[in-house]
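Worksheet: one structure, shown below.
This structure is a prediction, so every number in the text was calculated from the model and none was measured. In what follows, chains are A, B, ... by sequence order, proteins preceding strands, each numbered from 1.
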2 protein chains.
Amino acid sequence: MRFTLGDKAHEPFMTLDDILDRFYPLPDASKQAIRDLVKDVRYPKGHILLTADKVERYIYFISKGMVRAYADTPNGQVTFWFGAEGDVALTMNSYIAGQTSYEDIELLEDCNLYRIDIKKLKQLYQQDIHLANWGRKFTERELVRTEERLIAMQFKTAEERYTDLINKNPDLLLRVQLGHIASYLGISQVSLSRIRAARR
Amino acid sequence: MRFTLGDKAHEPFMTLDDILDRFYPLPDASKQAIRDLVKDVRYPKGHILLTADKVERYIYFISKGMVRAYADTPNGQVTFWFGAEGDVALTMNSYIAGQTSYEDIELLEDCNLYRIDIKKLKQLYQQDIHLANWGRKFTERELVRTEERLIAMQFKTAEERYTDLINKNPDLLLRVQLGHIASYLGISQVSLSRIRAARR
DNA sequence: TTCATTTTTTAACATTTGTAAAATTTTAAG
DNA sequence: CTTAAAATTTTACAAATGTTAAAAAATGAA
C-alpha cells in the first residue's frame with residue numbers, strides 16, 4: 001500500500017495475516033496459498049530493496065520497519081511514498097506491467113519483510129477469485145490515497161500539507177529525516193524549515 | 001480510467017467492446033455479462049453526471065465526449081482528471097468504498113455513455129475471475145498514471161507540466177478551456193497565461 | 001451581423017518558494 | 001567524552017507564482 005502508517009503504525013511488527021487482512025477478507029485457503037509463496041527476509045537500514053532500472057521479481061510486505069520510494073530526477077531524488085508496518089513495498093511498473101519502473105525503494109530502518117514472487121502471485125490472481133479481488137482492493141486503496149494527495153498538491157499550501165501529514169502520521173517525524181519529508185511534500189528542505197520555524 | 005486520451009482519443013466514438021478491451025483481454029462470456037448490465041445514455045454538455053455528496057449508484061464508460069472530475073474546495077473547484085473516449089467516469093469513493101466521495105464529474109461536451117450499476121458490477125467481480133482481474137487492471141493503470149502525475153507535481157515546474165500535458169494530449173487545448181487546464185496543472189489561470197505567452 | 005456574456009490575457013504588486021552558503025545542532029563512531 | 005560527519009536551520013537574495021483588477025479576445029444567441 002502506498003502510504004498508510006495509520007492503523008497499526010506503532011505496533012512493533014505485523015504478521016503476514018495481519019497484513020493480508022488489512023485490505024480484504026480472505027478465506028483461509030487463499031491465505032494459505034500466499035503463505036506457501038512467502039519467504040521471511042531481513043535487510044539493514046540503508047539497503048536498496050528494489051530499483052527502478054530492473055524488472056523486479058518480488059514485492060515485499062512490511063512486517064517491521066520503515067521504507068521510502070523515490071524517483072531519481074535531474075534535480076535529485078524525489079521521495080513520494082513512505083511505507084511502514086502493514087504496507088506493501090513494490091516498484092509499480094514491475095508489479096503492474098512487468099517492466100522497469102520509475103522508483104527505488106530504500107530501507108530507512110532495519111526491516112523484517114515478507115517476500116513474494118510477482119509471477120507466482122499473478123498466477124494466483126488467475127486461479128483464485130478471492131486473491132484477484134484482494135489484489136484489486138489493494139490497488140484501489142492506493143489509488144484513492146494517491147489521488148487525494150494529488151488534489152492536495154493542487155490546492156493546499158505547503159504548510160497545510162505538512163500539518164496534514166504529521167497529524168495523520170505523528171510518528172513520521174520520529175522515524176524519517178526532514179529532508180525526505182520536505183521532498184515528499186514537494187518543497188525544499190529550506191522551505192520546510194521555515195514552515196516549522198513559523199509554527200513555534 | 002483516470003486520464004488517458006492517449007490511444008484512441010481522436011476516434012469519433014468507442015464501442016463498449018473497444019473500451020473493455022483496453023484494459024485486459026476478456027473472454028466473450030465475461031464481456032456478455034457486462035453487456036447485459038449496460039445501458040446506453042446521453043447527456044448534454046454541462047450536465048453533472050456524478051456528485052461528491054451522494055453515494056453514486058453508477059459508473060460510466062465514455063463512448064463519445066469529454067468530461068472532467070473536480071473537487072470543491074474553499075478556494076474553488078480543482079480539476080484533477082479529464083476523461084475522453086474509452087475512459088471510465090466514476091466517483092472514486094462511491095465505486096471503491098460505497099461512500100460519498102470528493103469529486104463531481106461534469107460533462108464538457110455532449111456525451112454518449114455506457115452506464116453500469118456498481119453493485120451489479122461488484123457482484124460480477126465475486127463471480128467471474130476474469131472480470132475481477134479486469135477490475136484490478138483498470139485500477140492499476142489509473143494508479144500508475146496518478147502516481148506519475150504526483151511525482152511530476154513534486155519536482156517539475158508548471159511550464160514543464162504544461163508542455164508534457166499538451167504533448168501527450170494535443171487535442172486537449174481544442175476541447176477544454178484553459179481555466180480547467182490551469183487548475184489541472186495546479187496553477188492559477190494567470191500563471192498559465194504567462195507560461196503560454198512566454199512560449200510565443 | 002450585433003450585442004451581451006464568457007474566456008483569456010495583461011498589468012501591477014504581494015507572497016511564497018527556491019538557491020547557495022554559512023551557522024548550528026544532532027548523530028554516531030571511536 | 002571527544003570529534004568528525006551528517007542533518008537541520010538560518011540568512012540573503014533571486015525567481016516563480018498568486019491576487020486583484022482591467023483590457024482584450026472569443027463565443028454564442030438573437
Closest to the B/R200 side chain, choosing from D/dG18, C/dG18, C/dT10: C/dT10
Spacing of B/S183 atom OG and B/R68 atom CZ [to the nearest 0.5 Å]: 7.0 Å
Spacing between A/R194 atom CZ and C/dG18 atom C1', to the nearest angstrom: 7 Å
Atom-pair distance (CD1 on A/I195; C1' on D/dT8), nearest Å: 14 Å
Euclidean distance, atom CG of residue B/L173 to atom C1' of D/dA26 [Å, nearest integer]: 15 Å
Aromatic plane relationship, A/Y102 with A/F80 - under 30° parallel, 30 to 60° tilted, over 60° perpendicular: tilted
Nearest to side-chain heavy atoms of A/S193, which nucleotide of D/dT10, C/dT17, D/dT17: D/dT10
Atom-to-atom span, NZ of B/K156 to P of C/dG18 - whole angstrom: 17 Å
A/V176 vs B/V190, nearer the 5' end of DNA chain D by closest nucleotide: A/V176
Under-4.0 Å side-chain N/O to phosphate OP1/OP2 contact, B/S191 with D/dT17: no
Gap between atoms CD and P, on A/Q189 and C/dT17 respectively (whole Å): 16 Å
From C/dT19, C/dT8, D/dT19, nucleotide with atom closest to A/S188 side chain: C/dT19
Aromatic ring pairing B/Y43/B/Y60, orientation class (parallel under 30°, perpendicular over 60°, tilted between): perpendicular
Whole-Å distance separating the OH atom of B/Y162 from the C1' atom of C/dT8: 12 Å
C/dT9 phosphate, OP1 or OP2, under 4.0 Å from B/R196 side-chain N/O: yes
Closest to the A/A197 side chain, choosing from D/dT10, C/dG18, C/dT8: D/dT10
In one Ile/Leu/Val/Met/Phe/Trp/Tyr side-chain cluster, 4.5 Å: A/I129, A/F138: no
Ion pair B/R35/B/D17, N-O distance below 4.0 Å: yes
Spacing between B/E159 atom CD and D/dT17 atom C1', to the nearest angstrom: 13 Å
B/L174 CG to D/dT27 C1', straight-line distance once rounded to whole Å: 15 Å
